[in-house]
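Every chain is numbered from 1, with letters handed out A, B, ... down the list of sequences.
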Amino acid sequence: MAKTIKETLLGTLVHGEEILESIRVSRSISQDKIPVGNIADKKVAALHPERLSLVVADIVDTGKNARIIRFAGADGYLPPFEAGQYINIFTEIDGVRTSRPYSISSSPRQRAYYEITVARTAEGFVSDYMIDKVQIGDRFSANGPAGVFRYQPVFHSKKALYFAGGSGITPFMSMIREVLEAALDRDIVLLYGSRTPEAALYHDELAAYAEKYPNFKYHLVISEPAEGWQGETGFINADLIARLVPDYAERTAYICGPQVMNDFCKKELESMGVPAKRIRREMFGARKDIQNEPGWPEGLTGNEVFRLTVGDRVIDARSGESILTALERAGVRVNVCCRSGECSLCRVKLVSGNVFLARGMLRRYADEQYGYIHSCKAYPIGDVVIQL
Amino acid sequence: MEQYDVIVIGAGNGGLAAAATLAEKGKRVILFERHNIPGGCGSSFRRGRFEFEIALHQLSHMGTPENPGPLREQFARYGILDEIDWIEIKELFRVNFPDGTGVSLPADREKCVAHLCKEFPAEAEAIKEYFKVVYDFCDESTAFAAQSAKSTGEPGALKKLIMKTGFPRIYPTLAKYALKSTQEVLDEFFKDPKLQLALSAYWCFMGMPPERFPFAILAKCTYFYTETKPHYLRGTSMMMNQAIMEAIGRMGGVVRLNCGVKRIMLENGAAVGVVDENGVEYRAKKIISNISPLTTYGALLAPEEVPESAREYLKPYTVGISALTCFIGLDCTPEEIGFTTSFTLNYESLDANKDFRDAYQLLPDHDPLVATCYTVDDPSVSPPGTSIITAGTLKYSAEWEKLTPEQYYEMKYEAGRRIVARLEKMYPGFTEHIEEMEIATPLTHMRYLNHPGGAIYGYEQDRMQSVFFFPAESKIPNLEFASGWVTSCGFGPNYQYADGVASKIAAEV
């Protein structure tokens with residue numbers, strides 16, 4: 001066959017003929033490179049499957065208005081995760097498809113199951129369902145494991161100081177179990193704030209660990225102590241930290257608990273001169289009393305109903321409820337994962353109208369410029385038009 | 001069924017530009033992206049107080065407002081030029097050597113030549129001659145491209161013969177250098193390995209060591225970055241790509257985020273539409289794929305639909321390199337730890353080709369280390385008193401793919417630890433200042449880019465697979481490609497290439 005003009009001219013270049021020849025050879029004798037299917041997806045799936053298929057393998061009633069649920073992989077496999085990470089579990093309750101992120105509380109060193117703990121909350125749409133309805137054998141899909149609330153060995157201290165509040169103990173259970181059971185060279189002090197000793201989750205297990213392992217110290221701090229309580233009381237403030245953890249300055253601090261507690265502990269640590277890099281905080285979900293958030297517009301109660309327009313649909317949206325929740329209630333599918341403002345998967349464009357943006361939303365600069373919001377932490381405070 | 005003039009698959013740099021150009025020309029265009037944000041490699045992510053750039057180091061082809069480059073003109077057509085704060089970077093890069101010395105190159109031909117002559121006086125004449133060759137090469141290349149654009153179809157045998165004889169005479173620099181490797185040319189001109197390394201740094205932008213890196217690409221990088229000045233922008237490359245996405249909508253195009261394409265529909269072997277991940281069908285006269293040809297053919301078509309000619313055509317092409325990158329937020333200014341140039345290439349020895357061999361290993365021990373401190377160019381990129389540094393090495397994914405899931409996190413942190421240790425050696429006190437840090441391995445790139453091999457630059461850009469041999473042809477009628485897999489990788493070249501593909505298609509539909 002006659003050479004094309006391209007080949008003809010390339011042949012005049014230094015190395016031209018030899019390179020053309022190499023290409024001809026490899027075209028005739030090398031292997032077919034076109035794969036079947038999406039090989040990138042397939043190769044990554046063992047670490048980051050697009051979706052987890054979970055089946056409830058075991059349920060333990062803690063007797064503390066909280067339930068421990070253990071999920072096995074529906075196909076027998078669960079991907080590895082880092083202690084402290086969460087999974088976002090999808091549910092369909094009364095026709096509403098929604099999801100909730102739960103920290104995994106089991107150790108990452110075993111993956112027969114992921115354990116989560118669901119505590120009952122006031123008006124807890126999903127927590128009621130998880131505690132009252134879910135049975136062994138039920139199937140769920142989830143995304144994750146995800147999240148960056150974890151030990152980062154490159155720059156975190158081997159000595160840790162954990163601040164847990166209420167059910168915020170769950171990611172720490174995973175971390176503690178891993179460190180102690182795998183005998184890792186790390187040291188942990190846990191300050192666990194609870195209303196009453198009875199409400200403290202995993203108390204017996206934690207107390208037993210503290211007894212057994214010299215590299216784990218455990219202080220339960222009770223805010224509403226009953227007569228006769230001998231342990232620590234009050235809030236976890238600077239005085240308490242300095243007294244119980246004299247080497248706090250050498251430690252990386254991790255905080256997980258209700259937003260108010262989370263903010264409080266951070267402020268106390270800062271007042272003690274602990275720099276930002278040594279304070280790691282788990283994000284927190286949308287608070288139910290958003291009208292108490294600083295900056296909430298005066299005069300709004302959280303109960304006003306506004307018009308939320310998305311495409312050709314107009315939805316009722318309550319000011320006290322996130323746009324994400326309003327969309328889910330109306331059956332609109334939104335991509336979602338952390339539900340805490342951080343991951344940006346539920347990002348939508350605000351076309352018009354006013355929203356209240358709760359704290360903890362990690363927005364990109366471009367999103368601020370072009371009006372994109374994370375719908376999980378955005379509240380309608382007037383009629384709103386958005387675009388998915 | 002929705003009917004469009006053109007469907008674009010993937011909102012990476014090429015997909016965005018293709019859709020924008022088509023919308024600008026009044027075509028009905030829809031762009032699908034499976035992620036929740038546009039940009040592909042050209043985006044960002046947040047950690048704590050920081051927003052990290054994922055891919056862009058320096059934007060080429062921008063030019064200055066007075067002397068606009070092609071990319072500036074393209075963005076002006078999209079109406080996004082004034083929405084973005086562009087930052088001109090004064091230095092091309094800095095190369096640091098293991099003995100603690102280094103060379104910085106100003107983004108100006110005369111200053112650059114003068115500076116190098118001062119640093120390497122024994123080779124002053126060769127330096128001047130080298131820059132002349134680089135510039136002649138690019139001038140001839142531009143002239144030849146303009147000439148080729150005028151001709152249509154295959155010339156006759158006689159004309160071919162005339163062109164064959166004429167070509168080396170009219171374009172002598174092209175004929176001599178266009179298919180040489182960087183190392184071959186540098187050896188021809190220079191003795192001092194430091195000088196060679198100072199001039200060859202752009203190899204890391206294409207992921208090929210100097211022995212395999214086409215001199216043609218080095219010459220063009222040197223020329224275009226110098227003449228159109230390297231640029232960065234406020235708000236990371238995400239800002240630029242979000243701006244293009246907004247422009248697409250403004251000009252009448254449609255963008256679907258969170259909506260991947262599941263398959264391409266063929267009729268009589270020609271592409272006629274796509275099915276999205278929700279099972280909805282869309283039809284169009286043309287389809288532009290911004291994803292790799294491998295995934296386009298392999299995942300969007302059934303095996304029996306893939307033309308034999310496509311299999312044959314892609315055989316010489318090997319999936320290119322990925323990267324191992326640390327994204328680091330520091331709680332100090334760049335000055336405090338001694339970072340003065342935004343873009344640095346750091347060597348463990350004076351033999352880049354030897355050190356590059358570690359790219360096939362799991363961990364980054366001798367691999368040349370690319371470190372970029374965005375704060376040097378734009379102090380507002382992170383809160384006052386902090387800085388952002390991304391540091392990493394090029395890495396093939398093979399060894400990372402061999403890890404069991406159980407080994408993965410440990411190895412990922414070990415890799416991060418080694419990179420930080422190397423930074424600590426160069427910038428004492430570095431580690432103590434880390435406030436946020438995320439590590440991206442080849443598998444991370446594979447996950448988010450969805451590229452085979454986690455490739456960040458598409459196919460291996462050596463002399464057989466790039467410059468004159470990019471696999472740009474589609475073997476399916478009405479399907480075209482526009483991505484870093486089929487043209488010179490990098491932001492500027494990709495935007496421009498996609499603009500060209502889309503302009504051609506706009507004239508046909």
Side-chain angles (χ1 to χ4, degrees), chain A residues 2-6 8-16 19 22-23 25-41 43-44 46-48 79-82 108 148 152-155 275-277 334-335 342 344-347 362-370 372 388, chain B residues 36-37 44 46-49 51 154-155 157 160 163-164 167-168 174-180 234-236 238-239 242 246 258 294-295 297-299 303 306 310-312 314-317 331 401 405-406 408-409 413 416-417 420 431 434-435 437 443 446-447 450-452 454 463-464 468-469:
Chain A
K3 283 184 185 173
T4 63
I5 181 65
K6 185 176 168 181
T8 307
L9 294 184
L10 285 170
T12 68
L13 306 186
V14 175
H15 301 315
I19 286 175
S22 303
I23 294 172
V25 168
S26 69
R27 193 157 271 150
S28 70
I29 59 171
S30 61
Q31 70 178 142
D32 177 15
K33 303 269 176 40
I34 296 176
V36 176
N38 188 321
I39 45 169
D41 277 354
K43 284 190 174 153
V44 166
L47 282 169
H48 304 289
F81 65 97
E82 296 178 88
V148 295
Q152 214 283 16
V154 183
F155 74 103
K277 65 190 161 205
V334 185
N335 198 355
E342 193 174 84
S344 91
L345 278 195
C346 66
R347 162 189 187 271
L362 294 188
R363 272 205 296 174
R364 297 174 176 91
Y365 176 84
D367 286 351
E368 287 171 19
Q369 302 303 305
Y370 289 104
Y372 287 83
L388 292 184
Chain B
N36 69 318
I37 50 168
S44 69
R46 290 278 320 258
R47 288 290 182 270
R49 302 195 275 171
E51 179 171 355
E154 280 287 314
K160 267 189 200 171
M163 288 171 77
K164 186 179 171 178
F167 184 84
L174 267 190
K176 184 168 178 195
Y177 292 104
L179 283 177
K180 284 190 176 178
R234 187 147 301 155
T236 77
M238 178 77 197
M239 183 65 194
Q242 191 62 52
E246 300 298 311
N258 293 302
L294 293 174
T295 309
Y297 290 122
V306 180
R311 297 188 188 282
E312 185 137 318
L314 291 179
K315 275 182 184 171
Y317 297 94
D331 69 348
E401 289 180 30
E406 290 73 22
Y408 176 69
Y409 289 103
Y413 287 124
R417 204 178 270 128
V420 167
T431 318
I434 300 176
E435 180 174 320
M437 175 174 171
L443 297 184
M446 196 184 291
R447 177 187 182 193
N450 211 244
H451 288 178
R463 292 173 297 157
M464 281 171 58
F468 301 105
F469 306 107

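A distance of 8.0 Å separates CD1 of A/I39 from CD of B/E401, quoted to the nearest 0.5 Å.
Looking at A/V36, the atoms closer than 4.5 Å to chain B (heavy atoms on both sides) sit in the backbone and in the side chain alike. Both the backbone and the side chain of B/P405 have a heavy atom closer than 4.5 Å to some heavy atom of chain A. The contact between A/Q31 and chain B is made entirely by backbone atoms, counting heavy-atom distances below 4.5 Å. If you measure heavy-atom distances from B/Y177 to chain A, you find no contacts under 4.5 Å at all. In this structure, chain A has heavy atoms under 4.5 Å from both the backbone and the side chain of B/I37. For chain A, the nearby parts of B/S44 are the backbone and the side chain; heavy atoms of each come within less than 4.5 Å. At a 4.5 Å heavy-atom cutoff, the contact between B/E312 and chain A is made by backbone and side-chain atoms alike. Neither the backbone nor the side chain of A/P79 comes within contact range of chain B; no heavy atoms are under 4.5 Å apart. Both the backbone and the side chain of B/N450 have a heavy atom closer than 4.5 Å to some heavy atom of chain A. Contact of B/Y408 with chain A is made through the side chain alone, with heavy-atom distances under 4.5 Å.
Per-residue counts of heavy-atom pairs under 4.5 Å with chain B were compared for A/S28, A/P275, A/S344; the largest is that of A/S344. Per-residue heavy-atom pair counts under 4.5 Å with chain A were compared for B/R234, B/H451, B/R49, and the maximum is reached by B/R234. Per-residue counts of heavy-atom pairs under 4.5 Å with chain B were compared for A/E368, A/E82, A/E342; the largest is that of A/E82. Note on A/L388, A/V148, A/I34, A/V44: by heavy-atom pairs under 4.5 Å with chain B, the leading option is A/I34. The most heavy-atom pairs under 4.5 Å with chain A, out of B/T295, B/L314, B/V420, B/D331, come from B/D331. Among the candidates B/K180, B/M437, B/R47, the residue making the largest number of heavy-atom pairs closer than 4.5 Å to chain A is B/M437. Per-residue heavy-atom pair counts under 4.5 Å with chain B were compared for A/A276, A/P80, A/P108, and the maximum is reached by A/P80.
The closest side-chain heavy-atom distance from B/M239 to A/Y365 is below 4.5 Å.
Judged by distance alone, with hydrogens and angles left aside, the side-chain atoms of A/S30 form a donor-acceptor pair with the main-chain N or O of B/K315 at under 3.5 Å. Judged by distance alone, the side chain of B/K160 and the main-chain N or O of A/K3 form a donor-acceptor pair under 3.5 Å.
Considering all non-hydrogen atoms of both residues, A/A40 and B/M446 come closest at CB-CG, 3.6 Å. For the residue pair B/L179 and A/V14, the shortest heavy atom distance occurs at CB-O, 3.5 Å. When every heavy atom of B/Y409 is checked against every heavy atom of A/H48, the shortest pair comes out as OH-CE1, 3.7 Å. Closest non-hydrogen pair, A/R363 versus B/E51, comes out as O-OE1, 4.4 Å. For the residue pair A/P153 and B/Y413, the shortest heavy atom distance occurs at CG-CG, 3.4 Å. Contact between B/M464 and A/S22 at its shortest, heavy atoms only, is SD-CB, 3.6 Å.
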>> side chain to side chain contact (heavy atoms under 4.5 Å, CB included), that's the test. Do B/F468 and A/I19 meet it? Break it down for me.
In response: CA-CA 11 Å; B/F468 301 105; A/I19 286 175; over 6 Å; no
> A/K277 and B/I434: side chain to side chain contact (heavy atoms under 4.5 Å, CB included), yes or no, with the steps?
Replying inline: CA-CA 7 Å; A/K277 65 190 161 205; B/I434 300 176; over 6 Å; no
>> Using the rule given for side chain to side chain contact (heavy atoms under 4.5 Å, CB included), can you reason through B/R463 versus A/H15, listing the C-alpha separation, both sets of side-chain angles and the distance that settles it, and then say yes or no?
In response: CA-CA 10 Å; B/R463 292 173 297 157; A/H15 301 315; 3.6 Å; yes
> Which is it for A/I5 and B/M163 under the side chain to side chain contact (heavy atoms under 4.5 Å, CB included) test, yes or no, and what are the steps along the way?
Replying inline: CA-CA 9 Å; A/I5 181 65; B/M163 288 171 77; 3.7 Å; yes
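Within a 6.0 Å sphere centred on NZ of B/K164, other residues, nucleotides and ligands contribute 12 heavy atoms or fewer.
Counted by atom type alone, A/N335 and B/N36 present zero donor-acceptor pairs between their side chains at under 3.5 Å.
Contacts of B/F167 classified as ring-ring contact (aromatic ring centres under 6.0 Å, His included), with partners at least two apart in sequence or in another chain: B/F144, B/Y171.
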